[in-house]
Protein chains: 2
Amino acid sequence: MENEPIRIALVDDHALFRSGIAALLKEFDDLMIVFEASNGKELQFLLPEHQPIHVVLMDIKMPGLNGFDTTEWISSNYPQTAVLALSMFDESTDIIKMLKAGAGGYLLKESSPEELYAAITTIHRDGFFSNELVSDKLIKSLKSGRHIEDWYEQYNLNQKELEFLRLCATELTYKQIAETMGVAERTVENYRQSLSEKLEIKNRVGLALFAIKNKLVSLGNETL
Amino acid sequence: MENEPIRIALVDDHALFRSGIAALLKEFDDLMIVFEASNGKELQFLLPEHQPIHVVLMDIKMPGLNGFDTTEWISSNYPQTAVLALSMFDESTDIIKMLKAGAGGYLLKESSPEELYAAITTIHRDGFFSNELVSDKLIKSLKSGRHIEDWYEQYNLNQKELEFLRLCATELTYKQIAETMGVAERTVENYRQSLSEKLEIKNRVGLALFAIKNKLVSLGNETL
DNA sequence: ATTTCACTACGTAGAAATACGTTTTTTTGG
DNA sequence: CCAAAAAAACGTATTTCTACGTAGTGAAAT
């Protein structure tokens, strides 16, 4: 175990911060900082030349290529390399965006050295690292996200129109939709017309997209 | 604090399990089991008559109305009432479905009484309760979800067809799509035809839905 | 080397589905 | 009963779907 150190890359635009982290991690002799980069572009250049890199410590806000895009690049080009996000802020949108980009964990910069060490080793072993910060934000975000079911009052849509809207996101023709809803074909045409006025949408594809966007229909593929 | 106990409802189809939990929680004198129900339907009947209920302990698999739908009903009709899911299984799909339905936490039935007590008080105080089980599953689920970018080799789609597929999920007409792609209208028609054969899709709406389902297009509204 | 096959691009034509403006009938609520 | 809204209708234009053909290119086959 001890003879093969975890190879780490450090990406942050503040040189002083990088030095600090480097000094901190030098205390742990199973960690090894292989290189540092001041932004994503630099990392894209350095990463291929220093393989293997096991863990990348990544800042989010950087000039040039930012943390989100850099993380995405890493996880599609070097899927074996784990990314641990380091940030000043506990913004839930930032956290979730980083995780979706492929980061395996998220740590605040005000954490203790021991926490950082634990995060690095965990993320190297399991591919991900979770702490209270991350899980709380995730759950909270899941729990909000719902409650957006008032939008259709905004547009004055009635029950029939909603049902029609749902069926628009379907391979059914209007004729079949009319049968399904138990109304005449012409009536369905009325629904389409009033909806495209109210929602300012040009055609059926637009209606389908709208229905999905507003979660009227589930495509059954929401991993999360 | 102690003079106002947390009022709890217990929903599970196994009477014996309910009795066991009830006996367990009797030890904690700041908890109070107000009523028990053997499925969601029963809860819908009993909940209004026993207000307020602070926390519902909810099984997932039940005859009649299941845990998912019941949780959804509670969180839209009694948003002040927190739901703690109790399950035998640590299936990540179950966990995520319950959380999306509005549950504030997820606990395995093999947990200890102390864990259950902690979960109940936490969920009552914060509205949610997170443990390693939940956060691990959430992060793992976020980290998968990606990596499904090989499907189009399955179907032998080329670059042009992919671009066309993306544009299908758009309000553009085929004529406009042809202009965008810089090919003849008829050629675009070929793309449509070959795609509907390869993917066994009837019409353009189907293509649009497919494009979205496979994340070729982003509707920019993914809270999570 | 020529053929065969697969793939890509383009053309016409007609049928089916969808879109648009307007009007009439039916339902609904006060 | 009346007024307003919903449902149904007509005619026409546009878009989308389906089916039949032509042609070039490049790779594999013989």
Side-chain angles (χ1 to χ4, degrees), chain A residues 149-217 219, chain B residues 149-217 219:
Chain A
E149 276 118 57
D150 309 319
W151 57 266
Y152 55 82
E153 293 177 3
Q154 274 274 324
Y155 295 107
N156 283 319
L157 307 192
N158 58 38
Q159 217 51 41
K160 290 281 192 181
E161 288 171 328
L162 279 178
E163 186 186 356
F164 169 71
L165 201 46
R166 251 189 296 274
L167 292 169
C168 270
T170 289
E171 291 192 31
L172 296 175
T173 69
Y174 283 155
K175 186 180 291 190
Q176 294 169 314
I177 291 179
E179 289 170 16
T180 308
M181 294 181 63
V183 297
E185 214 174 325
R186 302 292 183 175
T187 307
V188 151
E189 166 57 19
N190 277 9
Y191 298 149
R192 185 201 59 75
Q193 195 152 357
S194 68
L195 282 178
S196 51
E197 282 168 15
K198 290 176 184 171
L199 307 176
E200 296 179 54
I201 286 176
K202 290 191 188 67
N203 51 36
R204 175 162 172 183
V205 181
L207 291 176
L209 296 179
F210 181 88
I212 295 169
K213 212 181 292 197
N214 291 96
K215 312 216 185 289
L216 275 180
V217 292
L219 295 183
Chain B
E149 277 118 56
D150 308 319
W151 57 267
Y152 54 83
E153 293 177 3
Q154 274 276 322
Y155 295 107
N156 282 320
L157 308 191
N158 59 36
Q159 217 51 40
K160 290 281 191 182
E161 287 171 329
L162 279 178
E163 186 187 356
F164 169 71
L165 201 46
R166 251 189 297 273
L167 292 169
C168 270
T170 289
E171 292 191 31
L172 296 175
T173 69
Y174 284 153
K175 186 181 291 191
Q176 294 169 314
I177 291 179
E179 287 170 17
T180 308
M181 294 182 63
V183 296
E185 217 174 321
R186 178 58 178 84
T187 305
V188 151
E189 168 56 22
N190 267 73
Y191 300 150
R192 186 199 60 75
Q193 198 154 354
S194 68
L195 282 179
S196 49
E197 283 169 14
K198 290 176 184 171
L199 307 176
E200 296 179 54
I201 287 176
K202 290 190 188 68
N203 50 36
R204 172 160 174 185
V205 181
L207 291 176
L209 297 179
F210 181 89
I212 294 168
K213 211 181 292 196
N214 291 97
K215 311 214 186 288
L216 274 180
V217 292
L219 297 183

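Convention: sequence-line order gives letters A, B, ...; per-chain numbering from 1.
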For this session: Measure the distance from NZ on A:Lys198 to P on D:dA5 and round it to the nearest whole Å.
Result: 11 Å

Exercise. Sub-3.5 Å donor-acceptor pair from the side chain of A:Gln176 to the main-chain atoms of A:Thr173, do we have one?
Worked result: yes

Problem set entry | Under-3.5 Å donor-acceptor pair between A:Asn190 side chain and D:dA6 base | no

For this session: In whole angstrom, give the distance that lies between atom CD1 of B:Ile201 and atom P of D:dC17.
Result: 11 Å

For this session: Find the distance A:Met181:CE to D:dA6:C1' and express it as a whole number of Å.
Result: 12 Å

For this session: Could you check how far CD of A:Gln176 sits from C1' of D:dC17, rounded to whole Å?
Result: 14 Å

For this session: Nearest whole angstrom, please: distance from the C1' of D:dC17 to the NZ of B:Lys202.
Result: 14 Å

Exercise. What does B:Arg186 touch in the nucleic acid at a heavy-atom separation under 4.0 angstrom: a base, only the sugar-phosphate, or nothing?
Worked result: base

Exercise. Under 4.0 angstrom, heavy atoms only, what part of the nucleic acid is A:Gln193 near: base, sugar-phosphate, or nothing?
Worked result: base

Exercise. OP1, OP2 of D:dC17 versus side-chain N and O of B:Tyr174: anything below 4.0 Å?
Worked result: yes

Problem set entry | Residue whose nearest DNA chain C nucleotide is more 5′ - B:Val205 or B:Lys160 | B:Lys160

Seminar exercise, completed: Tightest non-hydrogen contact, residues A:Ala208 and A:Cys168, listed as CB-O, 3.7 Å

Exercise. Once you round it to whole Å, what is the distance between C1' of D:dT15 and CZ of A:Arg192?
Worked result: 12 Å

For this session: Classify the nucleic acid contact of A:Glu189 as base, sugar-phosphate or nothing, counting any heavy atom under 4.0 Å across all strands shown.
Result: base

Exercise. Does A:Lys175 or A:Glu197 map to a spot on DNA chain C nearer the 5' end, using the closest nucleotide for each?
Worked result: A:Lys175

Seminar exercise, completed: Residues A:Val188 and A:Ala178: closest non-hydrogen pair is CG2-CA, 3.7 Å

Problem set entry | Side chain to side chain, A:Ile212 and B:Leu209, heavy atoms closer than 4.5 Å | yes

Exercise. Is there a side chain to side chain donor-acceptor pair (under 3.5 Å) between B:Arg186 and B:Asn190 once you walk through the steps?
Worked result: CA-CA 7 Å; B:Arg186 178 58 178 84; B:Asn190 267 73; 2.3 Å; yes

Problem set entry | B:Lys160/B:Glu163 ion pair, N-O < 4.0 Å | no

Problem set entry | Length of the CG-C1' vector between A:Leu207 and D:dT15, whole Å | 15 Å

For this session: Give a yes or no on whether B:Lys198 atom NZ has more than 12 heavy-atom contacts from other residues, nucleotides or ligands under 6.0 Å away.
Result: yes

For this session: Round to the nearest Å and state the distance from B:Leu167 atom CG to D:dT16 atom P.
Result: 12 Å

Exercise. First and last nucleotide of DNA chain C in contact with chain A, 5' to 3', at under 4.0 Å to a heavy atom: what are they?
Worked result: C:dT18 to C:dT22

